[in-house]
Each structure stands twice: as C-alpha cells, then as structure tokens.
**Q** 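Following this message is one structure expressed as structure tokens.
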Amino acid sequence: MKRKYGDRSDWKRVLEREYAQSYLETDHFKGYVSLLKIAKVKEPLYVKYIDQNICLVNDGYIWLQQFPLGKQHSVTTMFDEKGQIVQWYIDICSLNGVSEDNVPWMDDLYLDIVVLPSGEVIQKDSDELDEALLHGTIDKALYNLARQEANLINSLIKDGSFTLLQLSEEHKDILLLKLQK
C-alpha cells in the first residue's frame, strides 16, 4: 500500500503551488480537506478514458482532496483553470489520517472510481488489487474491505447520495478563502 499526502509535496510536475487545508466538522462531513492550487507545471498531464483525452493537471488547475474520518475512501476533485470540474477521483483506502506535521493522508487500497461531470462512472485498477492479494502485499481482509467499499460507493453514486461529490465546490471555496487571507 502507498500512503498519499494531501499536500502532494513530492510531486515534481508542479513547479509553483499554493496549499491550504482545514479540519471541517459539519452535518455532512467530518474530516480534513486540502487544496492544491497549481500555478505552474512542468508539463500538463492527460489521461485517456475510452474515447476522451482529459487534462487533469495544467497551469491554473486546482485539486481538492477530501479525507473523511472513519471512512475507507478519499475524494480528489480536479478543477480546470476556469473552475470547472474535470473529474472526481475516488481512492478506496484502508485508512485516512493526519501526520505529525498535521498533513492529511490516506493509505491507498488500489481500487479507484472516476466520476466525470457527464455522470459517467469508470472503475479503475481492479487488476492491481487482485495482484496485491496474489503477491501478499495485502491480506484477504483488506481485499474484501476494498471490494465492499467500492460496491458501497458505486451504489451511493448511482442513487445520487454520495455527498462528497456535491460538497466539493463548497469545500474548494472554503479553502480558496483561506488562501486569500
């Protein structure tokens, strides 16, 4: 498993950045949110989903990460330079937490779910989860946890009740205000 941090301080592609984070406790969310405002990149990052080539990182992009406490997922919302959502990227994880330096993190469990603004849902990295179990990187309990969490999230997305998607704009605005102070 790989621990991923909200500040993405090891990301060499990003040359100039601003970063903010907060702990939030509301009726709909309890956990950490982080925001990476990307001023300049070495080069843009594109991914291909089926027949679409989508830019995920470029100058002016914003990445918001939500780390809900006590949950087995984390959501990264990618906004383009105009503030439009490019995608929601849901990492299935074993745990969300915060470092000694107060930076939120999650322990990635390989499975990912991508939700596009069109509503299209893409399942990713099922093969990586299978290989991790096969090679002993994770045990059967973590494997089952990942599968169950992905099934739950897919069901919530289908019902329109996966609230982190709806909260992404609100959380982004909270952290953008924090950067302006």
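This structure is a prediction, so every number in the text was calculated from the model and none was measured.
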**Q** Is any side-chain heavy atom of Q21 closer than 4.5 Å to one of P104?
**A**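 Yes; the side chains approach each other to less than 4.5 Å.
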
**Q** Rounded to the nearest 0.5 Å, what separates atom CD1 in I138 from atom CG in L129?
**A**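 Answer for the CD1-CG pair, I138 versus L129, is 4.5 Å.
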
**Q** Main chain of S9, side chain of D7: is a donor-acceptor contact present, judged purely on distance under 3.5 Å?
**A** yes

**Q** Kindly give the heavy-atom pair with the smallest separation between E120 and I50, and that separation in Å.
**A**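 Here E120 and I50 meet closest at OE2-CD1, 3.0 Å.
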
**Q** So do the side chains of I113 and Q123 get within less than 4.5 Å of each other, counting heavy atoms only?
**A**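 Yes, close enough: below the 4.5 Å cut-off.
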
**Q** Could you pull out the closest heavy-atom pair between S94 and L145, with the gap in Å?
**A**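 Distance-wise, the nearest heavy atoms are CA-CD2, 4.1 Å.
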
**Q** Please say which of Y32, W63, F29 ends up in a ring-ring contact (aromatic ring centres under 6.0 Å, His included) with H171.
**A**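 Answer after filtering Y32, W63, F29: F29.
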
**Q** With a 6.0 Å cut-off (strictly less than), is the heavy-atom count around NZ of K71, excluding the residue itself, greater than 12?
**A**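 No, because the 6.0 Å sphere around NZ of K71 holds 12 heavy atoms or fewer from other groups.
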
**Q** Would you mind checking if K4 and D10 are paired as a salt bridge, meaning a charged N to carboxylate O distance below 4.0 Å?
**A**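 Salt bridge: no.
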
**Q** Determine whether T163 and Q166 make a side-chain contact, defined as any pair of heavy atoms from C-beta on separated by less than 4.5 Å.
**A** yes

**Q** Does one hydrophobic cluster hold both Y5 and L35, with members joined at side-chain heavy-atom distances below 4.5 Å?
**A**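 No: no chain of side-chain contacts under 4.5 Å links Y5 to L35.
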
**Q** Quick one about Q87 and Y49 (side-chain donor to acceptor, distance below 3.5 Å, no hydrogens or angles considered), yes or no?
**A** yes

**Q** Just verifying a value: how many Å separate F79 CZ and I85 CD1, rounded to the nearest 0.5 Å?
**A**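 F79 atom CZ to I85 atom CD1 measures 4.5 Å (nearest 0.5 Å).
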
**Q** With the side chain counted from C-beta on, respond yes when L167 and V33 share a heavy-atom pair under 4.5 Å apart, and no when they do not.
**A** no

**Q** Which heavy atom of D125 sits nearest a heavy atom of Y89, and at what distance?
**A**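 Scanning both residues, the minimum pair turns out to be OD2-OH, 4.0 Å.
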
**Q** How long is the straight-line distance from CD of Q72 back to CG of N96, given to the nearest 0.5 Å?
**A** 8.0 Å

**Q** Do you reckon V114 sits in the same ILVMFWY cluster as I54, going by side-chain contacts under 4.5 Å, direct or chained?
**A**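 As far as the 4.5 Å side-chain criterion goes, I54 and V114 are connected within one cluster.
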
**Q** Following the transitive rule for hydrophobic clusters with a side-chain heavy-atom cut-off under 4.5 Å over Ile, Leu, Val, Met, Phe, Trp and Tyr, establish whether V103 and V75 coincide in one cluster.
**A** no

**Q** Apply side-chain contact (heavy atoms from CB on, under 4.5 Å) to residues V98 and F67 and explain how you reach the verdict.
**A** CA-CA 9 Å; V98 63; F67 301 87; over 6 Å; no

**Q** When rounded to the nearest 0.5 angstrom, what is the spacing between CD in E18 and CG in L36?
**A**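 E18 CD to L36 CG: 9.5 Å, rounded to 0.5 Å.
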
**Q** If two hydrophobic side chains count as joined below 4.5 Å and joins carry through other members, does L156 share a cluster with L109?
**A**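 Yes; L109 is reachable from L156 via cluster members.
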
**Q** Report whether L56 and I62 are members of the same hydrophobic cluster (ILVMFWY, side-chain heavy atoms less than 4.5 Å apart, transitive linking).
**A**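 Result: no, two separate clusters.
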
**Q** At what distance, to the nearest 0.5 angstrom, does CG of L64 lie from OG1 of T77?
**A**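 Atom-to-atom, L64:CG and T77:OG1 are 5.0 Å apart.
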
**Q** Would you say the side chains of D127 and Y110 form a donor-acceptor pair under 3.5 Å?
**A**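 Side chains of D127 and Y110: no pair found under 3.5 Å.
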
**Q** For the pair L152 and E149, evaluate side-chain contact (heavy atoms from CB on, under 4.5 Å) and give the outcome as yes or no after the intermediate values.
**A** CA-CA 5 Å; L152 172 65; E149 186 70 9; 4.2 Å; yes

**Q** Test side-chain contact (heavy atoms from CB on, under 4.5 Å) on R17 and I38 and set out the steps.
**A** CA-CA 5 Å; R17 68 176 67 213; I38 302 165; 5.6 Å; no

**Q** Would you say that more than 12 heavy atoms from the other residues, nucleotides or ligands in this model lie under 6.0 Å from the NZ of K178, or not?
**A**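 Atom NZ in K178 is crowded, with more than 12 foreign heavy atoms closer than 6.0 Å.
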
**Q** Give me the atom names and distance for the closest heavy-atom approach of V86 to C55.
**A**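 Minimum heavy-atom contact is CG1-O, 3.3 Å.
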
**Q** Taking salt bridge (charged side-chain N to carboxylate O under 4.0 Å, His left out) as the test, write out the residues that go with D173, two or more places apart.
**A** none

**Q** Show your reasoning for whether side-chain contact (heavy atoms from CB on, under 4.5 Å) applies to L24 and K30.
**A** CA-CA 6 Å; L24 300 176; K30 179 179 179 181; over 6 Å; no

**Q** What distance separates D130 CG from H135 NE2, expressed to the nearest 0.5 Å?
**A**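 The distance works out to 10.5 Å.
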
**Q** Which atom pair, heavy atoms only, marks the closest approach of S168 to W88?
**A**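 What the structure gives for the nearest pair is OG-NE1, 3.2 Å.
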
**Q** Report the residues that fulfil salt bridge (charged side-chain N to carboxylate O under 4.0 Å, His left out) with D112, sequence neighbours left out, ordered by chain and then residue number.
**A** none

**Q** Let me know which of V121, L111, I157, L164 forms a side-chain contact (heavy atoms from CB on, under 4.5 Å) with I90.
**A** I157

**Q** Minimum heavy-atom separation for M106 and S74, please, with both atom names.
**A**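 Answer, listing the atom of M106 first, then S74: CG-CB, 4.0 Å.
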
